[in-house]
Amino acid sequence: MTTTPTTATVTRAEYCVIACAEAWRDNGEVLASPMGLIPSFGARLAKRTFSPDLLLTDGEALLVGLDGTAEGWLPYRRHLTMVTGGRRHVMMGASQIDRFGNQNISCIGDWERPARQLLGVRGAPVNTLNNPVSYWVPKHSTRVFVERVDMVSGVGYDRAEAAGVTRFHRLPRVVSDLGVFDFGGPGHAMRLVSVHPGVTVEEVRAATGFELAAAEEVPYTREPTPDELRLIREVIDPKGLREREVRG
C-alpha cells in the first residue's frame, strides 16, 4: 500500500469522502444526488477530478457549477425524466440496511406500533427501482446493518428480482465509517470490498448483524492523491466539517 506524501495524516473522514467519490466514477453525464455532508463532498470531488461530466444541483431546481453558481434550469418534468430513465445516481442514508440492500428510513419496530418514527418512505422506492442508488452510513453498527429491515423503504436485490423490476435497479456501493461494500456476494448479497486504514475485517464483521461476504484478502480503501487531499482540505471543505460527521 502506498503512502500519500502529505503534511498531515489522512483522516478516517477523508477516506470516507474518497470512498463516496468513487461511487460516481465512470458514471458519465448523470445527475448526482448526494444526501448528506460527506456524500456531497464526495460528489464534488468526483466532478473536480475523475468524473467531470457529472451534473450537480442546488438540491431544488438549478444545475450548478463547481463554485455553486447557476448553470442551467432543471424543471421538475426534466428531473422526473432523468429519475425514471436511470440517468441519476443517488447516495442516500439508511437507518437500517440488510444483506440484499433493502433499506429502511421509515420506522423502527412493528409497523402497527413502531418504537420509533423516522423520516418516512419518501422517494426511496422510486429511487431504487428507477436509477442507481448507493448508501452512506456514518456509524456502522449492528443496529444499522441488520438481518432484516423493519420496513422496506429502498428496494433491495431480492425484492426487485422477485417483483421483476430490475431494468434500472442497481445498488453500486455502500460506504460506512468502517469500509466499502458492494453486492457481489452470493445472490447479490452484500460483500466487503475494502476497509478504511486502521480498521480490521474482524471489526467490520462484529459490527454487522448478518453474515458478510468478503474475499480472503480485503484491501484498504485507496489513498487520496495529493491533489485530491488538497481539494478536500482547501477547496471543498476548508472548515473541516467532515471531521464532525466521522471521528477517528
Side-chain angles (χ1 to χ4, degrees), residues 1-4 10-27 34-36 38-39 41-43 45-46 50 89-105 128 132-149 152 154-161 169-224 228 242 245-248:
M1 202 167 163
T2 59
T3 301
T4 305
V10 180
T11 68
R12 180 77 59 82
E14 289 164 344
Y15 283 115
C16 291
V17 173
I18 289 293
C20 287
E22 285 288 339
W24 284 284
R25 183 181 285 276
D26 299 327
N27 275 201
M35 300 180 185
I38 283 183
F41 295 156
L45 180 65
F50 50 76
H89 184 170
V90 182
M91 181 170 280
M92 300 177 64
S95 299
Q96 292 180 327
I97 189 168
D98 67 24
R99 73 176 70 215
F100 296 111
N102 296 291
Q103 168 244 31
N104 176 23
I105 52 172
T128 48
V133 174
S134 293
Y135 291 107
W136 160 243
V137 179
K139 191 171 183 179
H140 192 125
S141 74
T142 54
R143 296 177 62 181
V144 179
F145 289 76
V146 296
E147 181 67 38
R148 183 182 177 88
V149 297
V152 176
V155 181
Y157 277 101
D158 56 343
R159 290 177 179 270
E161 290 172 1
H169 179 271
R170 187 165 67 89
L171 308 177
R173 169 172 299 222
V174 178
V175 179
S176 80
D177 62 329
L178 297 184
V180 181
F181 312 81
D182 66 11
F183 291 90
H188 285 300
M190 192 182 295
R191 177 181 64 176
L192 178 60
V193 174
S194 71
V195 292
H196 304 322
V199 178
T200 67
V201 173
E202 291 71 24
E203 286 178 294
V204 177
R205 290 191 186 280
T208 303
F210 52 83
E211 186 176 349
L212 185 63
E216 288 188 11
E217 295 291 332
V218 177
Y220 287 127
T221 302
R222 77 165 178 88
E223 296 286 335
E228 287 172 333
R242 60 194 178 278
E245 188 164 15
V246 175
R247 302 178 186 276

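The figures here come from the full heavy-atom set of this structure, side chains too, leaving out hydrogens, waters and symmetry mates.
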Thinking salt bridges, do Asp98 and Arg148 make one under a 4.0 Å N-O criterion? no
If you round to the nearest 0.5 Å, how far is CZ of Phe50 from CG of Asp26? 8.5 Å
Say you draw a straight line from CD of Gln96 to OG1 of Thr142; how long is it, rounded to the nearest 0.5 Å? 11.0 Å
To the nearest 0.5 Å, atom CD1 of Ile105 lies from atom CD1 of Ile97 at 11.5 Å
Is the shortest side-chain heavy-atom distance between Glu245 and Trp136 below 4.5 Å? yes
Does His89 offer a backbone N or O that forms a donor-acceptor pair with the side chain of Trp24 under 3.5 Å? yes
Heavy-atom side-chain contact between Lys139 and Val144 under 4.5 Å: no
Between Leu212 and Phe181, is any pair of side-chain heavy atoms under 4.5 Å apart? yes
For Arg173 and Ala23, which heavy atoms make the closest approach, and how far apart are they? CD-CB, 3.8 Å
Residue pair Gln103 / Val149, side-chain heavy-atom distance below 4.5 Å: no
Contact summary for Ile38 and Ala13, nearest pair of heavy atoms: CD1-O, 4.2 Å
With no hydrogens and no angle check, is any side-chain donor or acceptor of Asp177 less than 3.5 Å from a backbone partner on His140? yes
Closest approach of Met91 and Pro39, non-hydrogen atoms and distance? SD-CB, 3.6 Å
Please round to the nearest 0.5 Å and tell me the distance separating atom CE of Met190 and atom OG1 of Thr208. 8.0 Å
Applied to residues 188-216, the ring-ring contact (aromatic ring centres under 6.0 Å, His included) test, sequence neighbours excluded, yields Tyr157-His188
Pairs where residues 195-217 contributes a residue and the test salt bridge (Lys or Arg N to Asp or Glu O under 4.0 Å) is met, not counting sequence neighbours: none
Measure the shortest side-chain to side-chain distance between Val246 and Glu14 over non-hydrogen atoms and say whether it is less than 4.5 angstrom. no
Do Arg99 and Asp158 have side chains that approach each other closer than 4.5 Å (heavy atoms only, starting at C-beta)? no
Given side chains that start at C-beta, do those of Arg222 and Glu228 come closer than 4.5 Å, heavy atoms only? yes
Taking side chain as C-beta onward, heavy atoms only, is Phe100 less than 4.5 Å from Leu171? no
Using 0.5 Å steps for rounding, measure from the OG1 atom of Thr128 to the OH atom of Tyr135. 5.5 Å
Might you point out which heavy atoms bring Asp182 and Pro172 nearest each other, and give the distance in Å? CB-O, 3.7 Å
For Val199, is there any backbone N or O sitting under 3.5 Å from a side-chain donor or acceptor partner on Arg12? no
Between OG1 on residue Thr200 and CG on residue Leu178, distance to nearest 0.5 Å: 9.0 Å
Under the side-chain contact (heavy atoms from CB on, under 4.5 Å) test, which residues partner Val218, sequence neighbours left out? Leu192, Val195, Val201, Ala214
Taking every non-hydrogen atom, the tightest pair across Phe145 and Ala207: CB-O, 4.4 Å
Evaluate Phe41 against Cys20 for side-chain contact (heavy atoms from CB on, under 4.5 Å), listing each step before the verdict. CA-CA 8 Å; Phe41 295 156; Cys20 287; over 6 Å; no
